[in-house]
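Since the structure is predicted, the reported quantities are computational estimates derived from the model, not experimental observations. Each chain gets a letter, A, B and so on, in the order its sequence line appears, and its residues count up from 1.
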Amino acid sequence: MELYFFLFFAIVAVASSVAMILQRNPIYCVLLLIMVMISIAGLYLMLDAQFVAIIQIVVYAGAIMVLFLFVIMLLNLSREEGGVFRIQKPLAVLLAALLFLPVAAMVMSYAGGGTTPPADGGGAGFGEVEQIGTLLFTKYLLPVEIAAVLLLIAIVGAVVLTRKGTVSVGE
Amino acid sequence: MNTALPVINLYAVMPQIVLVSAATVVLIVGLFERFRKGIPYLSLLLLAVSGVVAVNQLGLGPVPFSDVSSMMVMDDFGLVATLVFIAGAVLTVLISISYAEARSIDRGEYYALLIYAVSGMSMMAASTDLFTFFLGLEVLSISLYVLIGFEQRDAGSNEGALKYFLLGAFASGFILYGMALLYGASGSTEYEAIARTLGGERSDAVNLLLLGGLGLLLVGIGFKISMVPFHAWTPDVYQGAPTPVAAFLSTGSKAAAFVVLIRLLGSVFPGLQMEWIPLISVLAVLTIAVGNVVALVQTNLKRLLAYSSIAHAGYMLLPLMADSQDGSASIVFYLIVYTAMNLGAFGVLAVLSARGAPCATLEDLAGLGSRRPLLAAVMAVVMFSLAGIPPTAGFMAKFYLFSALVHGGYVELAVIGLLFSGVSLYYYLRVVVWMYMRPAAETPAEAAGRLSYTGMTALCLSALAILAVGVFPSELLQLAERAVMTLP
């Protein structure tokens, strides 16, 4: 049963990402990307990582994709312009192939070995909200606080950069 | 489920707490129009308070943040670095006052973001975990993106901010990727745990992950310190950014990245020395060469200083190879001196640009020696120091740096560095020649009238500090040595 679910999600994910690359209409691209995100969320769910799965849907399929759609619609991109990247295309294929080799070698080298599992991972309740909450309040207390400061700075920055009509004293 | 909350020790993050609160206070007070003139002075006061807090903690020994995980440790190394950042911020605020008023960017947010950036640097310097390092880096970077683009009506400022933002986001991506690989290899984000994995038996797969992780981290950090080949943004961003921000960017953010680099390469990755030493030495030599050679043909002063700062980053990379306490101490010493020098150089431009047209090219400096003798004298001291001529601090810094390198057995690298620093004499002295030996244009670019007192105070302070350290370097060197003593 698990195998069938895995195959379903995996095939949908791969097929939609391939279709996304081949698609020329940016709106379809975004919709296909959402499909990829949702199927990956399904894979997370099968790994018992409910929290990550939900976050995947809320953040990626929800917020970030809406942002993508907004930008595409604002810029009124209807069709990918061909011909601009004439030299870049074969170059990109070449570079991707070159990059593929070391990555493939790296993946292959795992066949026998394996890596250290995370020190605090695994076990009962792994990936559940409760465990994540506990970690956030104990081990990762300081990073959470710093992240709060980071968000404040981002808000201040957004306000500063978008404010129109600055008060002028010197002029 | 009952969870025992960890016992935390606020002393471990006291300087950061004070800095973040200071920035927030400045932000709130900045909302009131009637306090507008007072904000820079409030920022100076609060920065001084944080400096005092940091000085008080010197010598207390490393204090981890909590009993569960350390995340940040306030050791002397982090504290000395924090003090350098605070000093840099104080000088930046001083040279900002007249510049920001003239450009009407003297808003509370400007000074608040500057202090937030300092808190981010301090977090980077104190972190002993990849998590806190990355968050500190982002606190710093996001503040800088906004500060660079602060002159909203200036096209150059917007261009610089966008360039730095896009490339900086890429660099952050590289760093995150590297961290993910390191986590995969060691199962933890703590520096110590990663070092332990490196020290123990490693399979080929783990080795590959560690190497990949280190490589990607070096790409990201290399971007922040503008190491060749990740330097292309530097001249454009420095040219576009408001001049005091460029000063801050070229000193503080670079120093913070170097401090992290010393911690990472020195205490986490010594096990991979065989791999990173050749890599860093080639990149360091390339950085020195590109920076110095391209600087020769620059006529725009900010671009000239940008290439000069690339070259200096190259010098500072060299002692990492020596892998000794002396080497690390010489980098810390160089960073302190470099902060004073570069803030001085950009400060002269900021003070000159505050009124009238911005002072941008070498021609604008013609005849400065007779028009503004004090300012020209400061600029001359700074240029001599950047070139490394005694009796300035720049000479002592280069001296310690190259002697650490020679003691480490890297004579060839020291010779290459010295040769290129000979090349750099040409473009530094060219600035002095323009100031003293060329007649002024009919109508000088900058308006007549007095220069800002605060800006001049900052400039005279840094020039005096450069001369004082050049003559009596031992105190500062002891501080640098004490800082690196606490590194494992």
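In this structure, the separation between NZ on A:Lys139 and CZ on B:Phe131 is 8.5 Å, given to the nearest 0.5 Å. Taken from CZ in B:Phe134 to CG in A:Leu150, the straight-line distance is 8.5 Å, to the nearest 0.5 Å. Taking CG of A:Leu161 as the reference point, atom CG of B:Asn158 lies at 8.0 Å (rounded to 0.5 Å). The CG atom of A:Leu142 sits 9.5 Å away from atom CG of B:Asp129, with the distance rounded to the nearest 0.5 Å. The line from CD1 of A:Ile146 to CD of B:Glu138 is 12.0 Å long, rounded to the nearest 0.5 Å. Rounded to the nearest 0.5 angstrom, A:Tyr140 OH and B:Leu135 CG are separated by 12.0 Å.
The number of heavy-atom neighbours closer than 6.0 Å to CE of A:Met65, taken from other residues, nucleotides and ligands shown, is above 12. The number of heavy atoms from other shown groups lying within 6.0 Å of OH (A:Tyr44) does not exceed 12.
Closest heavy-atom contact between B:Ile142 and A:Ala154: CG2-CA, 4.1 Å. The two residues A:Pro143 and B:Thr132 have their closest heavy-atom pair at CG-CG2, 4.3 Å.
For a residue to count as touching a neighbouring chain, one of its non-hydrogen atoms must lie under 4.5 Å from one of that chain's; by this rule B:Ile8 touches chain A with the side chain only. Of the atoms belonging to B:Leu147, not a single heavy atom falls under 4.5 Å from chain A. Residue contact with chain A, scored on non-hydrogen atoms closer than 4.5 Å, involves the side chain of B:Glu190 exclusively. Residue contact with chain A, scored on non-hydrogen atoms closer than 4.5 Å, involves the backbone and the side chain of B:Val139 alike.
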A:Val156 and B:Leu27: CA distance, side-chain angles, deciding distance, side chain to side chain contact (heavy atoms under 4.5 Å, CB included) verdict:
CA-CA 9 Å; A:Val156 171; B:Leu27 188 68; 3.7 Å; yes

